[in-house]
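Heavy-atom basis, side chains included; hydrogens, waters and symmetry copies ignored.
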Amino acid sequence: MDSSPTLFEAVEFREPALQPGERYSGPIETSLGEFEDEKQAIATAREAWRGFLESDSHDVAWWLVRVPGEDLARWIAESRSDIERVLDLTTQQLVAVRR
């Protein structure tokens with residue numbers, strides 16, 4: 001039986017704003033860290049999200065917290081919205097929460 005703690009990873013995805021003639025190459029994925037505590041992972045991702053919102057960037061970006069290897073995020077936010085989404089464990093659906 002595996003007794004290792006569940007890890008949560010905070011990740012940023014960024015699509016740089018394109019200049020005329022530039023080709024889209026997909027999002028850039030950056031790890032913000034792995035955490036034993038889900039709340040700390042969310043706090044780290046939330047801090048990166050808020051910092052981005054205060055910047056002058058024209059990139060499109062989103063942040064998520066997930067268990068490595070899982071397809072469903074536990075928390076997600078994106079640069080064009082003030083809504084966070086959290087995983088409802090009873091329905092396995094992301095539920096919107098205004099900050």
Side-chain angles (χ1 to χ4, degrees):
M1 184 167 161
D2 186 5
S3 62
S4 61
T6 299
L7 291 180
F8 300 92
E9 63 179 339
V11 184
E12 176 183 273
F13 295 88
R14 188 179 292 231
E15 294 180 352
L18 297 177
Q19 301 301 317
E22 286 185 316
R23 292 184 56 178
Y24 175 72
S25 60
I28 299 165
E29 181 177 340
T30 303
S31 173
L32 301 176
E34 288 191 346
F35 307 85
E36 290 184 19
D37 182 71
E38 184 177 22
K39 289 179 183 180
Q40 183 59 46
I42 291 171
T44 298
R46 187 179 283 138
E47 182 178 326
W49 174 42
R50 289 182 177 155
F52 181 90
L53 294 177
E54 294 172 1
S55 75
D56 291 332
S57 179
H58 296 287
D59 295 351
V60 174
W62 61 99
W63 299 263
L64 60 84
V65 170
R66 64 185 176 201
V67 173
E70 287 189 354
D71 293 330
L72 186 59
R74 303 288 182 107
W75 177 92
I76 192 166
E78 57 108 352
S79 61
R80 296 184 180 182
S81 174
D82 65 347
I83 297 173
E84 299 178 47
R85 290 177 169 70
V86 295
L87 179 62
D88 179 334
L89 294 174
T90 59
T91 65
Q92 295 295 298
Q93 298 292 317
L94 288 170
V95 178
V97 179
R98 288 204 179 270
R99 62 180 174 123

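- Applying the salt bridge (Lys or Arg N to Asp or Glu O under 4.0 Å) test to pairs two or more places apart or on separate chains, those with a residue in residues 18-31 are Glu29-Arg66.
- A search for side-chain contact (heavy atoms from CB on, under 4.5 Å) contacts involving Ala10 returns Leu32, Phe35, Ala45, Val65, not counting sequence neighbours.
- Note: Ile76 CD1 to Ser81 OG = 10.5 Å, rounded to the nearest 0.5 Å.
- Side-chain atoms of Arg14 and Thr30, non-hydrogen and from C-beta on, never get closer than 4.5 Å to each other.
- Taking 4.5 Å as the limit, some side-chain heavy atom of Phe52 sits within range of a side-chain heavy atom of Ser57.
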Query raised in the report: Does the pair Leu7 and Glu36 meet the rule for a side chain to side chain contact (heavy atoms under 4.5 Å, CB included), with working shown?
Result: CA-CA 5 Å; Leu7 291 180; Glu36 290 184 19; 3.8 Å; yes
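- Taking CD of Glu9 as the start and CG of Leu64 as the end, the distance is 7.5 Å to the nearest 0.5 Å.
- With rounding to the nearest 0.5 angstrom, the OG atom of Ser79 is 9.0 Å from the CD atom of Glu15.
- Considering every non-hydrogen atom in both Arg85 and Ala96, the closest pair reads CG-CA, 4.0 Å.
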Query raised in the report: Given the rule in the side chain to side chain contact (heavy atoms under 4.5 Å, CB included) test, do Val60 and Arg80 qualify, once you have shown the distances and angles that lead to the verdict?
Result: CA-CA 7 Å; Val60 174; Arg80 296 184 180 182; 2.8 Å; yes
**Report entry** Working for side chain to side chain contact (heavy atoms under 4.5 Å, CB included), residues Phe8 and Glu34
**Finding:** CA-CA 6 Å; Phe8 300 92; Glu34 288 191 346; over 6 Å; no
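- Distance alone, capped at 3.5 Å, places no donor-acceptor pair between the Asp59 side chain and the Ala61 backbone.
- Between Trp49 and Trp63, the ring planes are tilted. Angles from 30° to 60° get that label.
- Note: Leu87 CG to Glu70 CD = 8.5 Å, rounded to the nearest 0.5 Å.
- To the nearest 0.5 Å, atoms CG (Leu53) and CD (Glu78) are separated by 9.5 Å.
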